[in-house]
Amino acid sequence: MGNTVSTSVIRRLPRYYRFLQELMNNGIIRISSRELSEKMGFTASQIRQDFNCFGGFGQQGYGYNVSELHAEIGKILGVDKGYKTILIGAGNLGRAIATHMNFDARGCKLIGIFDVNPELANVEVGNLKIMHTDKIESFCNENSPVIAILCIPKESAQEIADTLVKHGIKAFWNFSHCDLKPTFNDIIVENAHLGDSLMTMVYNVNASSDN
Ligand code: NAI
């Protein structure tokens, strides 16, 4: 995939993918960009522009084949890649993410969960046992994970991230309450703040209220 596709288009792709999955589940075989736009709240021209970034996918006037489009977008997203992933911080958030994210369907394979608290060692989360953080280095050497999910307090996030980079981690999904700064240019960081989404919603409530 080229580097010319804008971040905003890439951010819309998971939504298309999820939405097309729902259409497939409902037995819908074909959909026009107009119908898709009505259901998704984007304009039809936005949808066509987005899809044109990847070569079009459909035939004008005839609509898109839902399962083919779903498969194509999945391929672009890399949902079948199974990138080896580890999670650091097996507290409330870490356990929820480890057990509810359906990693396999989203391009990741969760292979290790780590926590600094020795009392959590060997506690099962899903089908994995939590390991103490002192095992991270040997685990990375043996298993070569490429993605790390950080669910630890912000105070230790940057330090852990730098250590993980030294052990071969290439990308972070960071939930710690800080915007992680990649120390090296080729490291990918996706900072995830549920609070930002909440505040966006509150802004809209505020903006629409009469007060
Ligand atoms: P928690 O206190 O339940 O769990 C934190 C876990 O991290 C504990 O098990 C602790 O032993 C472990 N830990 C601490 N330092 C560590 C280190 N250096 N290496 C490995 N493990 C370490 O907290 P919770 O609720 O799970 O939240 C985790 C973090 O995520 C907090 O900093 C919280 O503020 C943040 N958070 C972020 C959200 C977001 O949307 N970005 C949403 C909710 C929480």
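Atoms within each ligand, like the ligands themselves, are counted from 1 in listed order.
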Between Asn25 and Gln21, a side-chain donor and acceptor under 3.5 Å: yes
Under the 3.5 angstrom rule, does the side chain of Asn191 hit a backbone N or O of Asp179 as a donor-acceptor pair? no
Quick one: does Ile88 get an N or O within less than 3.5 Å of an N or O on ligand 1? no
Would you call the rings of Tyr17 and His70 parallel, tilted or perpendicular, where under 30° means parallel and over 60° means perpendicular? parallel
Looking only at protein heavy atoms, identify the closest one to atom 26 (O) of ligand 1 and say how far it is in Å. Leu93 N, 2.7 Å
Pair Glu190 + Arg11: basic N to acidic O under 4.0 Å: yes
Side chain, backbone, both or neither: the part of Ile152 lying under 4.0 Å from ligand 1 by heavy atom: both
Ignoring hydrogens and geometry, is there a side-chain-to-backbone donor-acceptor pair from Asn26 to Ile28 under 3.5 Å? no
Suppose I only count heavy atoms of Thr133 and a 4.0 Å limit; which atoms of ligand 1 are within that range? 19 (N), 20 (C)
Strictly below 4.0 Å, N to O, side chains only: are Glu38 and Arg34 in salt-bridge contact? yes
Ser176-ligand 1 polar pair, N/O distance under 3.5 Å: no
Consider only side-chain heavy atoms of I, L, V, M, F, W and Y, link residues closer than 4.5 Å, and tell whether Ile31 and Phe51 are in one cluster. yes
May I ask you to list the atoms of ligand 1 that are less than 4.0 angstrom from any heavy atom of Leu120? 9 (O)
What atoms of ligand 1 come closer than 4.0 angstrom to any heavy atom of Ser156? 15 (N), 18 (N)
Close aromatic pair by centroid cut-off 6.0 Å: Phe42 and Phe19: no
Ligand 1 and Ala192, any nitrogen or oxygen pair closer than 3.5 angstrom? yes
Examine Phe175 against ligand 1 and note whether any of their N/O atoms are separated by less than 3.5 Å. yes
Which one holds for Cys151 and ligand 1: side chain close, backbone close, both close, or neither close, with close meaning a heavy atom under 4.0 Å? backbone
Considering distance alone, does some N or O of Val116 sit under 3.5 Å from an N or O of ligand 1? yes
Among protein heavy atoms, which sits nearest to atom 33 (C) of ligand 1, and what does the distance come to when rounded to 0.1 Å? His177 CD2, 3.9 Å
Can you find a protein heavy atom closer to atom 36 (N) of ligand 1 than 4.0 Å? yes
Please state which protein non-hydrogen atom is closest to atom 40 (O) of ligand 1 and give its distance, to 0.1 Å? Leu194 N, 2.6 Å
Any protein heavy atom nearer than 4.0 Å to atom 2 (O) of ligand 1: no
For atom 32 (O) of ligand 1, grab the closest protein heavy atom and report residue, atom and distance to one decimal in Å. Pro153 CA, 3.2 Å
Tell me which one of Asn117, Asp115, Asn92 gets a heavy atom nearest to atom 6 (C) of ligand 1. Asp115
With a 3.5 Å distance limit and no angle check, can you tell me whether Arg95 reaches the backbone of Val125 through a side-chain donor-acceptor pair? no
